[in-house]
Amino acid sequence: MRRPMVAGNWKMNGTQAEAAALVGGIEQGLAGVRHAEILVCPPYILVPVVAEWLSGSRVTWGGQNLSAHKSGAYTGEISGSMLRDFGCSHVIVGHSERRALYGESDQTVAEKFRAAQSVGLVPILCVGETLAEREASQTETVVARQLDAVVKLAGIAAMDNAIVAYEPVWAIGTGRTATPEQAQSVHAFIRARLAQLSATVAERLRILYGGSVKAANAQQLFGQPDIDGGLIGGASLDVEEFLAICRAAG
Ligand code: PEP
């Protein structure tokens with residue numbers, strides 16, 4: 001049985017006061033969330049305070065990105081061991097915004113994935129196609145390419161200590177969600193592709209869906225057999241919406 005997870009990606013949002021209200025609200029509403037694992041990924045600068053506030057909580061915290069390098073002359077970058085130092089358990093790698101806006105290639109994403117695992121962080125590997133790629137029937141080709149780059153570098157066994165998030169780019173921040181059937185079909189494809197290398201690893205792997213998930217559509221999405229929770233952007237900044245999504249998963 002795969003334990004569902006709901007992860008909030010705050011992106012570049014939040015003051016300390018806003019983050020405090022968000023974390024406080026989530027903590028207060030947790031009683032209604034039974035089973036799901038809950039993670040929040042604040043911007044780097046808020047990680048220390050979030051770590052302090054969530055110390056001892058069942059909510060864990062993680063990074064939105066990390067450097068592929070361990071340390072050194074990389075101005076503006078943050079390493080995996082720095083995230084670990086502040087109690088992060090997970091880190092998002094290969095978010096479509098990183099790929100599109102910061103030119104992260106499949107190879108860079110694979111290196112970041114490996115850098116995360118090398119310091120004990122669980123990478124949440126984001127994969128997903130653009131609208132043009134979907135319309136050209138390239139969804140599976142693109143997702144396979146993104147997945148294969150990581151498996152080639154890190155090995156199939158590494159997926160045992162990772163999470164995959166399927167995030168169709170056309171559904172991120174657009175209000176346009178994949179239908180439960182569209183999402184399930186890609187999730188099943190991801191699992192089947194990895195099962196060619198290890199059925200056990202594929203069966204255990206948690207695959208989250210991300211792309212305009214909100215309270216109103218979460219239950220239907222999470223009800224699909226290969227959808228093991230969600231990576232939530234916009235709705236993770238609203239306490240009530242986020243908690244309702246957590247309840248839908250839990
Ligand atoms: C995301 O950025 O990972 C995401 C899924 O965003 P949104 O929920 O806002 O579409």
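Scope of the values below: all heavy atoms of this structure, side chains included, with no hydrogens, waters or symmetry mates. For reference, positions follow the sequence shown, starting with 1. Just so you know, ligand 1 is whichever comes first in the structure, and atom 1 is the first atom listed for that ligand.
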Atoms in ligand 1 flagged as close to Lys11, the criterion being non-hydrogen separation under 4.0 Å:
1 (C), 2 (O), 6 (O)
Does only the side chain of Ala171 get under 4.0 Å from ligand 1, or the backbone, or both, or neither? Count heavy atoms.
backbone
Answer yes or no: are there more than 12 heavy-atom neighbours, outside Gln220 itself, under 6.0 Å from its atom CD?
no
Which of the atoms in ligand 1, numbered in the order shown and given with their element, are less than 4.0 Å from a heavy-atom of Gly173?
7 (P), 9 (O), 10 (O)
Can you tell me which residue pairs pass the side-chain hydrogen bond (donor to acceptor under 3.5 Å, both in side chains) test with a partner in residues 80-93, sequence neighbours excluded?
Ser79-Ser81
Can you tell me how far OH of Tyr209 sits from CD of Glu167, rounded to the nearest 0.5 angstrom?
8.0 Å
How does Ile172 reach ligand 1, by side chain, by backbone, by both or by neither, if only non-hydrogen atoms under 4.0 Å count?
both
To check your reading of the model: name the closest protein heavy atom to atom 8 (O) of ligand 1, its residue, and the distance in Å.
Gly233 N, 2.9 Å
Any N or O of Gly211 closer than 3.5 Å to N or O of ligand 1
no
Name the closest protein heavy atom to atom 5 (C) of ligand 1, giving the residue it belongs to and the distance to 0.1 Å.
Glu167 OE2, 3.1 Å
Geometric N/O contact Ser212 with ligand 1, under 3.5 angstrom
yes
Got Val91 and Asn65 here, is their nearest side-chain heavy-atom distance under 4.5 Å?
no
Ligand 1 to Leu231 polar contact by distance, N or O atoms, under 3.5 Å:
no
Considering heavy atoms of the protein only, find what lies nearest to atom 9 (O) of ligand 1 and give residue, atom and distance to 0.1 Å.
Gly234 N, 2.8 Å
What I want to check is whether the side chains of Tyr166 and Glu129 have a donor and an acceptor closer together than 3.5 Å.
yes
What protein heavy atom sits nearest atom 1 (C) of ligand 1, and how far off is it?
His95 NE2, 3.2 Å
Indicate whether the side chain of Gln184 and that of Asp226 have a donor and an acceptor atom separated by less than 3.5 Å.
yes
Answer yes when Arg193 and Glu140 have at least one side-chain N-carboxylate O distance shorter than 4.0 Å, and no when they do not.
no
Taking Asp228 first and then Arg204, would you say they form a salt bridge - that is, a charged N and a carboxylate O separated by under 4.0 Å?
no
